[in-house]
Visitor: 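Sharing a structure below in structure tokens format, with a few things to ask.
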Amino acid sequence: HIGLIRWLRSRGADLDGLEIRESPGGGLGIFATRPFEPGAAIGLLPSAAIIDPVAVLHRDDVARAALAQGGSEPFAFWLALAS
């Protein structure tokens with residue numbers, strides 16, 4: 001998950017007062033490391049840090065090639081992310 005934090009920050013995410021770690025319920029979670037005021041924004045996630053599946057399918061060469069060969073959209077999306 002350190003790689004995820006680095007990736008998010010490189011795209012302008014503000015994670016001040018937050019940490020990403022393993023969740024007791026399984027997987028990863030975002031946890032506060034300090035108190036926040038009620039109603040206050042707790043972070044910033046700019047659009048550059050959001051993976052848009054539709055954009056990947058239309059812009060990524062690997063995804064477009066997988067679709068051209070008859071691959072499903074979910075397969076093409078995950079293949080593009082893995083490449």
Side-chain angles (χ1 to χ4, degrees):
H1 59 278
I2 291 172
L4 173 60
I5 294 168
R6 191 174 299 131
W7 184 85
L8 287 168
R9 285 190 174 137
S10 75
R11 283 158 179 76
D14 176 6
L15 305 172
D16 182 45
L18 302 172
E19 69 178 357
I20 298 173
R21 60 178 162 88
E22 290 190 29
S23 174
L28 295 177
I30 300 174
F31 297 88
T33 59
R34 63 174 173 82
F36 288 92
E37 293 293 323
I42 60 169
L44 171 67
L45 189 62
S47 60
I50 298 172
I51 299 172
D52 177 359
V54 174
V56 170
L57 292 175
H58 291 284
R59 296 182 189 143
D60 185 85
D61 291 337
V62 172
R64 290 195 324 241
L67 291 171
Q69 295 297 318
S72 69
E73 288 183 347
F75 172 76
F77 173 74
W78 289 110
L79 184 63
L81 290 184
S83 63

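If you're wondering where the values come from, they're calculated on a predicted model, not measured in any experiment. FYI, side chains are in, hydrogens and waters are out, and symmetry mates aren't considered; it's all heavy atoms of this structure.
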Visitor: So does L28 get a backbone contact from the side chain of S23, meaning a donor-acceptor N/O pair under 3.5 Å?
Guide: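 Checking the backbone N and O of L28 against the side chain of S23, no donor-acceptor pair under 3.5 Å is found.
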Visitor: Answer yes or no: is there a side-chain heavy-atom contact under 4.5 Å between I5 and E19?
Guide: no
Visitor: Identify each donor-acceptor pair in which a side-chain atom of residues 65-78 lies under 3.5 Å from a protein atom, sequence neighbours left out, and give them as a table.
Guide:
unit_1: S72; atom_1: OG; unit_2: F75; atom_2: N; d: 3.2

Visitor: Does atom CZ of R59 have more than 12 heavy-atom neighbours, drawn from other residues, nucleotides or ligands, at distances under 6.0 Å?
Guide: no
Visitor: Would you compute the distance between atom CG of D16 and atom OG1 of T33 and round it to the nearest 0.5 angstrom?
Guide: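 D16 CG to T33 OG1: 7.0 Å, rounded to 0.5 Å.
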Visitor: About how many Å separate CG of L8 and CG of L18, when rounded to the nearest 0.5 Å?
Guide: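 Answer for the CG-CG pair, L18 versus L8, is 11.0 Å.
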Visitor: Could you pull out all donor-acceptor pairs under 3.5 Å where a side-chain atom in residues 37-57 meets a protein atom, sequence neighbours excluded?
Guide:
unit_1: D52; atom_1: OD1; unit_2: V54; atom_2: N; d: 3.1

Visitor: According to a 4.5 Å side-chain heavy-atom criterion applied to Ile, Leu, Val, Met, Phe, Trp and Tyr, with indirect links allowed, do F31 and L15 form part of one hydrophobic cluster?
Guide: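 Result: no, two separate clusters.
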Visitor: Once rounded to the nearest 0.5 Å, what's the spacing between atom CG of L4 and atom CZ of R9?
Guide: 10.5 Å
